[in-house]
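Encoded as structure tokens, the structure appears first; notes follow it.
Just so we're clear, the structure is a prediction, and the values are computed from it rather than from any experiment.
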Amino acid sequence: MKKPMLPVVIHRQRKHEAERAIQDLEKRGYEVVFPLTEIHKDGKKFKTDSYNRKIFMENTFASVWVAKLRRKATS
């Protein structure tokens, strides 16, 4: 019984790094299933005071570049 081919998901902080990883995998026989997309995340930072209460410090922002690839079917 053959093992199903799972897709490869690329996560990178910078766009040029993600593009380089995609090009490398395409040379090795992969095809893009989900195109390169930037995903944003928002959050909040808290600290605790002496009474163990949470005190808001700042808003945080992060983004990541994501793409999904799979191996090309060989016949």
Do Lys44 and Phe56 pass the side chain to side chain contact (heavy atoms under 4.5 Å, CB included) test, and can you show the C-alpha distance, the side-chain angles, and the key distance before you say yes or no?
CA-CA 7 Å; Lys44 297 180 185 298; Phe56 174 76; 3.8 Å; yes

Can I get a per-line list of side-chain donor-acceptor pairs under 3.5 Å for residues 5-28, giving both atom names and the distance, sequence neighbours left out?
residue, atom, partner, partner atom, Å
Asp24, OD2, Arg28, NH2, 3.1

State, with a plain yes or no, whether a side-chain heavy atom of Glu31 is found less than 4.5 Å away from one of Arg70.
yes

Determine, for Glu58 against Lys45, whether the closest basic-nitrogen to carboxylate-oxygen distance falls under 4.0 angstrom.
yes

Once ring-ring contact (aromatic ring centres under 6.0 Å, His included) is applied, do any residues pair with Tyr51, and if so which ones, sequence neighbours excluded?
none

Do Val66 and Tyr30 belong together in a cluster built from hydrophobic side chains that touch within less than 4.5 Å?
no

Contact check, side chains of Val32 and Leu69, non-hydrogen atoms, under 4.5 Å
yes

Once you round to the nearest 0.5 Å, how far does CE of Met57 lie from CZ of Phe46?
11.0 Å

To the nearest 0.5 Å, tell me how far Ser63 OG sits from Glu38 CD.
4.0 Å

Side-chain heavy atoms under 4.5 angstrom apart, residues restricted to Ile, Leu, Val, Met, Phe, Trp, Tyr: same cluster for Val64 and Leu36?
no

